[in-house]
Asker: 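Take this structure first; my questions come after.
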There are 2 protein chains.
Amino acid sequence: MATITDVAALAGVSTATVSRAFNGKSTVDPLLAERVFAAAGELDYRPNGLARNLRKQVTTVLALIVSDVENPFFTSVARGMEDTAQTAGYSVVLCNSDDSADKERRYLEVALQERMAGVVISPTGPVDGVRMLRERRVPVVAVDRPVPGDVGGTVDEVLVDSRSAAREATEHLIAQGYERIGCVTGPAGVATADERLDGYRDALTAAGRPAAPQHEWHADYRPAGARDTTRVLLDGPDRPDALLVANSAMAIGVLEAMNERGLRPGRDLGLIAFDDAPWTRAVDPPLSVVAQPAYDIGSEAARLLLTRIAAPDGPAASTLFEAHLVTRGSSQRG
Amino acid sequence: MATITDVAALAGVSTATVSRAFNGKSTVDPLLAERVFAAAGELDYRPNGLARNLRKQVTTVLALIVSDVENPFFTSVARGMEDTAQTAGYSVVLCNSDDSADKERRYLEVALQERMAGVVISPTGPVDGVRMLRERRVPVVAVDRPVPGDVGGTVDEVLVDSRSAAREATEHLIAQGYERIGCVTGPAGVATADERLDGYRDALTAAGRPAAPQHEWHADYRPAGARDTTRVLLDGPDRPDALLVANSAMAIGVLEAMNERGLRPGRDLGLIAFDDAPWTRAVDPPLSVVAQPAYDIGSEAARLLLTRIAAPDGPAASTLFEAHLVTRGSSQRG
DNA sequence: TTGTACGCGTTATCAT
DNA sequence: ATGATAACGCGTACAA
């Protein structure tokens with residue numbers, strides 16, 4: 001593979017000039033530049049990114065570490081981040097931590113070893129990993145959830161006000177006349193799961209309804225877990241007549257269990273789920289959802305990260321997006 | 001950030017010894033190794049991947065360039081590839097070409113500049129891009145589709161026998177008593193779209209039914225396009241009573257259009273779609289699908305790539321996976 | 001077994 | 001405006 005030296009030789013200039021030409025420095029004679037590019041073309045030369053990175057002590061690669069690549073919310077985040085990063089000349093490496101603190105830690109180590117320019121993460125593990133990067137002055141932005149254990153909010157975050165959204169959704173179910181409203185949320189301890197449950201409780205409390213622990217369930221944010229949970233809750237006593245479901249993957253499981261029993265969304269069981277996944281329009285009746293601005297979240301995270309790369313110091317920024325309720329057929333009785 | 005020199009100094013050895021210790025060479029005195037690791041721990045040293053890569057002239061990063069990150073088929077492929085690559089010590093960079101030849105080309109350039117160890121791609125653009133890598137001895141494996149214009153099959157591929165699967169699915173619709181079976185496939189010219197249409201035709205022909213051009217539609221492999229197409233075909237004359245849909249994203253659009261018209265899958269319109277997306281179990285009745293072994297495809301592609309990295313020469317390998325029909329409620333009248 | 005010294009390909013500094 | 005040259009941090013001949 002041709003190197004800068006080869007090009008310099010063929011063009012009859014120094015490597016410095018070739019470098020300058022390729023980096024668009026204005027201080028290079030147009031005539032020489034011409035010759036450089038001609039030579040480069042002839043040799044089919046591409047600058048060696050590795051050497052450049054070593055020399056400049058910085059890469060233009062960002063990492064996005066998500067807890068579940070198959071979750072449409074995170075793929076949207078990825079697209080948003082990618083598009084913004086792209087325009088600034090950065091590439092994005094997508095990493096899947098699978099909600100395992102171990103895997104997450106490994107990826108953080110990789111980010112450090114490969115001297116990536118920054119990391120966006122939906123954190124699973126404790127704050128240590130993130131702290132490790134920050135000590136090395138590698139910018140980190142948390143998305144979707146704050147970093148567990150990060151007291152004092154020292155790391156940049158892009159979050160969604162799930163609690164208000166959950167409350168709004170629950171209020172809508174109440175307004176629609178549902179009376180025994182339940183909530184299927186994610187694992188206790190996961191911030192989004194807790195918040196969504198809190199918002200649900202807020203609405204019930206405000207409506208003067210008793211808190212009903214037997215109407216609150218935790219599943220693992222995946223279809224199968226929610227399906228099993230729903231089977232139990234549908235077959236048990238005091239069956240709810242409506243459900244707030246904390247993400248779209250679990251909504252799949254809920255619908256599956258309802259199908260098994262011939263239950264129809266809306267009529268037999270009011271339903272609102274978080275995440276406006278494409279398929280939610282495919283079910284009959286269409287699923288009411290809490291739409292999170294996933295793409296914008298990714299895009300904003302990238303922007304924050306790039307800002308932080310440019311100016312490593314300064315106080316942590318926290319951006320809070322609103323989620324909004326999209327009412328469709330599954331949340332009305334008629 | 002501490003370098004190998006700092007560690008060597010603190011441990012009272014040469015940088016060579018530190019390097020050997022960190023690379024697990026057996027030729028290093030256990031006592032010295034001990035001292036090296038102690039020093040490294042104290043300094044919180046991490047080898048600089050950039051320098052290592054430059055020195056070794058090779059990275060341990062693989063690229064996966066897909067035509068649509070939001071397509072669950074490709075996210076499964078990504079997971080399969082990632083898991084296999086991981087165990088061999090490689091990382092995977094996920095890139096989204098968005099079915100744009102331009103974007104694809106840019107990512108191929110990045111792969112080249114960053115000296116990535118290999119590329120798995122679902123090709124959109126012409127063979128030139130791929131050829132460019134291969135000339136530079138960067139291994140490439142095509143997944144999902146062959147490389148357009150690659151006469152003679154010079155590049156490694158991992159494909160699925162869509163045609164047979166489409167035929168099988170169509171035969172099932174015929175056996176279920178559907179009489180006016182249509183096909184909504186992807187863009188003409190995209191290999192998978194053409195193959196699935198061919199398989200559909202195979203079945204009709206074999207059943208002694210006339211080819212019916214008015215029952216064949218092309219859409220863009222996305223929900224909205226398929227929805228619009230389906231609106232037209234449902235409202236038009238000679239409306240089909242069953243549909244083979246060439247991917248799950250389009251199935252969403254088809255179902256949406258059906259919902260608008262109060263049509264029920266199976267009873268009013270038999271339905272089989274490619275891709276066993278999680279949500280297909282959430283609709284009522286559940287969607288019959290052609291399940292592709294997406295995870296295995298990714299895993300096999302990684303294996304092929306790693307083999308090729310180890311032995312760059314030798315004839316191109318082509319792996320063909322079977323897809324299998326999963327019959328559920330949407331393909332039976334009852 | 002260990003150390004010395006060179007080179008990977010590039011960019012930045014300093015002269016010219 | 002251009003060229004010579006010294007790093008960047010590591011791995012590996014080669015020598016000891």
Side-chain angles (χ1 to χ4, degrees), chain A residues 1-37 39-40 43-61 89 109-110 112-117 136-138, chain B residues 1-37 39-40 43-61 89 109-110 112-117 136-138:
Chain A
M1 201 116 82
T3 73
I4 199 173
T5 314
D6 303 327
V7 176
L10 183 57
V13 299
S14 75
T15 60
T17 299
V18 177
S19 174
R20 282 190 280 254
F22 264 83
N23 291 289
K25 304 284 186 199
S26 53
T27 66
V28 53
D29 187 305
L31 187 73
L32 279 195
E34 185 86 10
R35 260 166 49 202
V36 166
F37 290 123
L43 296 172
D44 209 10
Y45 163 76
R46 327 262 152 161
N48 185 326
L50 304 178
R52 166 182 299 169
N53 292 339
L54 174 58
R55 172 62 230 230
K56 304 183 74 153
Q57 289 293 72
V58 58
T59 66
T60 54
V61 177
E109 290 282 357
V110 170
L112 212 49
Q113 290 216 169
E114 299 295 328
R115 302 301 195 267
M116 296 187 185
R136 294 300 206 338
R137 308 185 64 76
V138 177
Chain B
M1 198 119 78
T3 74
I4 200 173
T5 315
D6 303 327
V7 176
L10 183 57
V13 299
S14 74
T15 60
T17 299
V18 176
S19 174
R20 284 190 278 255
F22 263 83
N23 290 291
K25 304 283 186 199
S26 51
T27 66
V28 52
D29 188 305
L31 188 73
L32 281 194
E34 185 85 11
R35 263 171 41 208
V36 166
F37 290 122
L43 296 172
D44 209 10
Y45 164 76
R46 325 262 152 160
N48 185 326
L50 304 180
R52 167 182 300 170
N53 292 339
L54 175 59
R55 173 59 231 234
K56 303 184 73 158
Q57 289 292 71
V58 57
T59 67
T60 55
V61 178
E109 290 282 358
V110 170
L112 212 49
Q113 290 217 171
E114 298 295 328
R115 302 301 194 266
M116 296 187 184
R136 295 299 208 331
R137 306 186 65 76
V138 177

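Values reported hereafter were calculated over all heavy atoms of this structure, with side chains retained and with hydrogens, waters and symmetry mates removed. Per chain, numbering begins at 1; letters A, B, ... match sequence-line order.
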Asker: Please report the distance, rounded to the nearest Å, between CG in B:Asn53 and P in D:dC8.
Answerer: 18 Å
Asker: How would you summarise protein contacts on nucleotides 9-16 of chain D per nucleotide, using B for base, S for sugar-phosphate only and - for none, with heavy-atom distances below 4.0 Å?
Answerer: BBBBB---
Asker: If you apply the rule side chain to side chain contact (heavy atoms under 4.5 Å, CB included), what do you find for A:Arg35 with A:Val13, and how did you get there?
Answerer: CA-CA 9 Å; A:Arg35 260 166 49 202; A:Val13 299; 3.9 Å; yes
Asker: Taking atom CD of A:Glu34 as the centre, does the number of heavy atoms from other residues, nucleotides or ligands within less than 6.0 Å exceed 12?
Answerer: no
Asker: Under the side chain to side chain contact (heavy atoms under 4.5 Å, CB included) criterion, do B:Arg136 and B:Leu112 qualify, and how do the steps go?
Answerer: CA-CA 8 Å; B:Arg136 295 299 208 331; B:Leu112 212 49; 3.6 Å; yes
Asker: Kindly determine whether B:Arg115 and B:Gln57 satisfy side chain to side chain contact (heavy atoms under 4.5 Å, CB included), including the steps that lead there.
Answerer: CA-CA 8 Å; B:Arg115 302 301 194 266; B:Gln57 289 292 71; over 6 Å; no
Asker: Step by step, would you call B:Glu114 with A:Thr59 a side chain to side chain contact (heavy atoms under 4.5 Å, CB included)?
Answerer: CA-CA 10 Å; B:Glu114 298 295 328; A:Thr59 66; over 6 Å; no
